[in-house]
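Hydrogens, waters and symmetry mates are skipped; everything else that's a heavy atom, side chains included, is used. Please read these numbers as outputs of a predicted model, since none were measured by experiment.
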Amino acid sequence: MRIDAGASSDVGQLRTGNEDSFLVDDRLALYAVADGMGGHQAGEVASAVALEALRAAVASGQAIDAAIVRANSAVFEKAATDRGLTGMGTTLTAVIVIGESTLLIGHVGDSRAYRIRDGAIEQLTDDHSLVEELVREGRLSPEEAEVHPQRSIITRALGIDPQVEVDLYTLEARTGDRILICSDGLSNMIRDADMLRIAALESDPRLAADRLVDAANEAGGEDNITVVLVDVLEAPPTAAPDPEALAAASPSRTPVPTPAPEVAVPAARERRSRLRTLGGALLYVLPVLVIVGMGIGAVDYYAHHTYFVAFNGDQVVVYRGVPGGILGWQPTVETTTELRKSALSPAAIDQIKRSGKGSLARATQIVANLTLSTTTTTAPTTTLPTTTTTRPRTTTTRKSTATTGGP
C-alpha cells in the first residue's frame with residue numbers, strides 16, 4: 001500500500017483569522033485536522049498546540065489515542081499558563097497508517113473523517129455535538145440538524161478538561177480508497193453527495209482539496225475551511241529476482257567453475273580502477289548534496305512562509321521573512337499599513353515589539369487589532385465569552401470567536 005496526501009485550508013468568507021490547523025506528515029504516515037475555538041486568537045493557538053503535541057507523541061512511539069490524550073493535556077496546560085488563553089479548545093480528527101493496510105482514526109469534536117470508496121461516501125466518525133446527539137437519540141432528523149441554530153455547540157473538545165475521552169476507529173483500507181478529513185467549515189456548507197462529486201473531479205489529492213475548499217467558499221464560507229485528503233494507492237511492483245543470482249545463492253546447485261581472471265592491459269585496468277574510485281566517491285557525496293539541498297529548501301520555505309509586524313521608520317509594516325534574516329534570506333515588505341508609530345500608545349508599540357513571528361493571518365490580525373484600537377475612541381469594549389452549555393456528565397462548548405470594540 002502506498003499513500004498520497006494533500007491538504008488545503010482557507011479563512012472563509014466571514015472570519016478574519018483562520019483558527020484551523022492541519023497536519024500532513026508522510027514520514028509518520030500521520031494526517032490530522034484541528035478546528036480551534038476561543039477568542040483573541042486562542043483558537044489558532046489551541047489547534048496548533050494540539051497538532052504539535054500529537055506529532056511529538058506519535059514520533060515518540062505512542063498510540064494514536066494516547067497521543068490525542070497528550071495533545072489534550074498540552075492545550076489544557078497552555079491555557080493554564082496564560083489568562084488570555086483561558087477556555088480555549090480544539091477539535092481533533094487524526095488518521096494514521098499502521099502496517100500494510102490498516103488505518104486508525106482518533107477523534108474528538110465535530111471535525112469529521114469520511115471514506116470515499118467505489119463511488120460512495122461514508123462518514124466514519126460521530127460528531128460530538130449537541131444536534132448530532134439529538135439525531136442519534138431520534139429527537140432530530142438529519143435534515144433538521146443541518147439547519148438547527150445550535151449545530152455549532154460541541155459536547156467534547158481538547159483543552160477544556162484535564163482528561164478527555166477519545167473515539168478510536170479501525171479501518172481496513174483498500175487500493176482506491178480516499179479518506180477525507182475536514183473541519184465543519186466544509187461539512188456545514190456542502191452536503192455529503194456534493195463532497196463526493198467534487199472530490200471525484202480530481203485524482204490529485206492536493207487539487208481535489210482545493211476544489212472542496214473553493215466549493216465551501218462559493219456556498220457562503222461561513223467558517224474556516226480545512227480539508228486533508230489521503231489516497232490509498234497500489235504499491236509499486238517489486239522487481240523480479242535475478243534467476244542467476246538465485247541459482248548462485250542456492251546451496252543445492254552444483255558450483256559453477258570460476259573462470260580464469262581476465263588479463264587486462266594496464267590502460268584498461270587503470271580506467272576501471274578510476275571508475276570504481278569515482279563511483280565510491282559519489283556514494284558518499286550524493287547523500288551529502290541531497291541533505292544540503294533539503295536543508296536549503298527548508299530554510300527557504302521557512303523564510304518565505306513566516307511573517308511579522310515591525311516598524312519601518314514611523315510606519316507599521318508587515319514583513320515576510322524572519323527578523324534579522326536567516327542564512328542570507330532577508331525580510332521583505334509584504335504589506336504597508338496606514339498606522340504610524342507616532343500615533344500609537346506605548347502599550348501598542350510594546351505589543352508590536354513583542355508580537356514575534358508567525359503566519360500571515362496572525363500578522364494581519366495584529367494590524368487589524370491595532371487599527372481598531374486607534375480608531376475606536378468612544379465605543380465601549382465588549383467581550384463575548386465562549387459559550388459553555390453543561391449537560392449531565394458532558395462538557396458542552398460553542399465554537400465562537402470573541403470580538404472586541406464594536407460589532
Side-chain angles (χ1 to χ4, degrees), residues 15 17-23 30 32-94 106-111 128-130 152-167 183-184 224 226 347 350-351 353-359 361-362 365-366 369 381-404:
R15 300 295 181 91
N18 193 345
E19 295 184 318
D20 288 358
S21 297
F22 67 84
L23 173 63
L30 177 63
V33 167
D35 181 356
M37 54 193 173
H40 304 290
Q41 299 182 358
E44 176 184 331
V45 174
S47 62
V49 167
L51 291 188
E52 180 181 352
L54 174 76
R55 187 209 300 262
V58 171
S60 69
Q62 293 189 37
I64 189 67
D65 51 344
I68 293 178
V69 169
R70 178 67 194 100
N72 175 74
S73 298
V75 177
F76 187 82
E77 292 164 5
K78 180 72 173 179
T81 63
D82 188 336
R83 293 183 60 185
L85 302 177
T86 300
M88 73 175 181
T90 183
T91 71
L92 198 157
T93 301
H107 169 68
V108 175
D110 65 348
S111 296
H128 300 138
S129 68
L130 177 62
S152 62
I153 296 178
I154 62 175
T155 56
R156 200 186 304 176
L158 300 188
I160 306 302
D161 293 313
Q163 302 296 327
V164 69
E165 181 182 354
V166 180
D167 288 354
S183 62
D184 65 343
N224 306 147
T226 300
D350 184 60
Q351 180 185 352
K353 291 180 178 179
R354 293 187 296 103
S355 62
K357 57 187 181 295
S359 65
R362 180 176 182 274
Q365 187 63 51
I366 291 172
N369 291 340
T381 299
T382 303
T383 300
L384 302 179
T386 301
T387 303
T388 301
T389 303
T390 303
R391 305 176 72 246
R393 289 181 288 184
T394 305
T395 300
T396 304
T397 306
R398 178 188 299 276
K399 291 193 292 184
S400 60
T401 302
T403 59
T404 303

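- T226 and D20 form a side-chain donor-acceptor contact under 3.5 Å, judged by distance and modelled atom types alone.
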Would I68 and V108 count as a side chain to side chain contact (heavy atoms under 4.5 Å, CB included) if you check the C-alpha gap in whole Å, the side-chain angles of each, and the deciding distance to 0.1 Å?
CA-CA 9 Å; I68 293 178; V108 175; 4.2 Å; yes
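- A side-chain N or O of S21 and one of S47 form a donor-acceptor pair less than 3.5 Å apart.
- With salt bridges taken as basic N to acidic carboxylate O contacts below 4.0 Å, none links R156 and D110.
- Separating the CZ atom in F76 from the CG atom in L158 is a distance of 12.5 Å, to the nearest 0.5 Å.
- Residues I64 and V58 have side chains in contact (heavy-atom distance under 4.5 Å, counting atoms from C-beta outward).
- Contact detail for A42 and M88: the closest heavy-atom pair is O-SD, 3.4 Å.
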Using the rule given for side-chain hydrogen bond (donor to acceptor under 3.5 Å, both in side chains), can you reason through H128 versus T155, listing the C-alpha separation, both sets of side-chain angles and the distance that settles it, and then say yes or no?
CA-CA 5 Å; H128 300 138; T155 56; 6.0 Å; no
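- Annotation: side chain of V166 is in contact with side chain of V69 (closest heavy-atom distance under 4.5 Å).
- Going from atom OG of S359 over to atom CD of Q365 covers 10.0 Å, rounded to the nearest 0.5 Å.
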Working for side chain to side chain contact (heavy atoms under 4.5 Å, CB included), residues N18 and E44
CA-CA 7 Å; N18 193 345; E44 176 184 331; over 6 Å; no
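- In this structure the side chain of L51 reaches within 4.5 angstrom of the side chain of L92, judged on heavy atoms.
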Apply side chain to side chain contact (heavy atoms under 4.5 Å, CB included) to E165 and N72, showing your working.
CA-CA 10 Å; E165 181 182 354; N72 175 74; over 6 Å; no
Apply the test side chain to side chain contact (heavy atoms under 4.5 Å, CB included) to residues L30 and L54: give CA-CA distance (whole Å), side-chain angles for both, the deciding distance (0.1 Å), then the verdict.
CA-CA 9 Å; L30 177 63; L54 174 76; 4.2 Å; yes
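- One finds the CD atom of E19 at 11.0 Å from the OG1 atom of T91 (value rounded to the nearest 0.5 Å).
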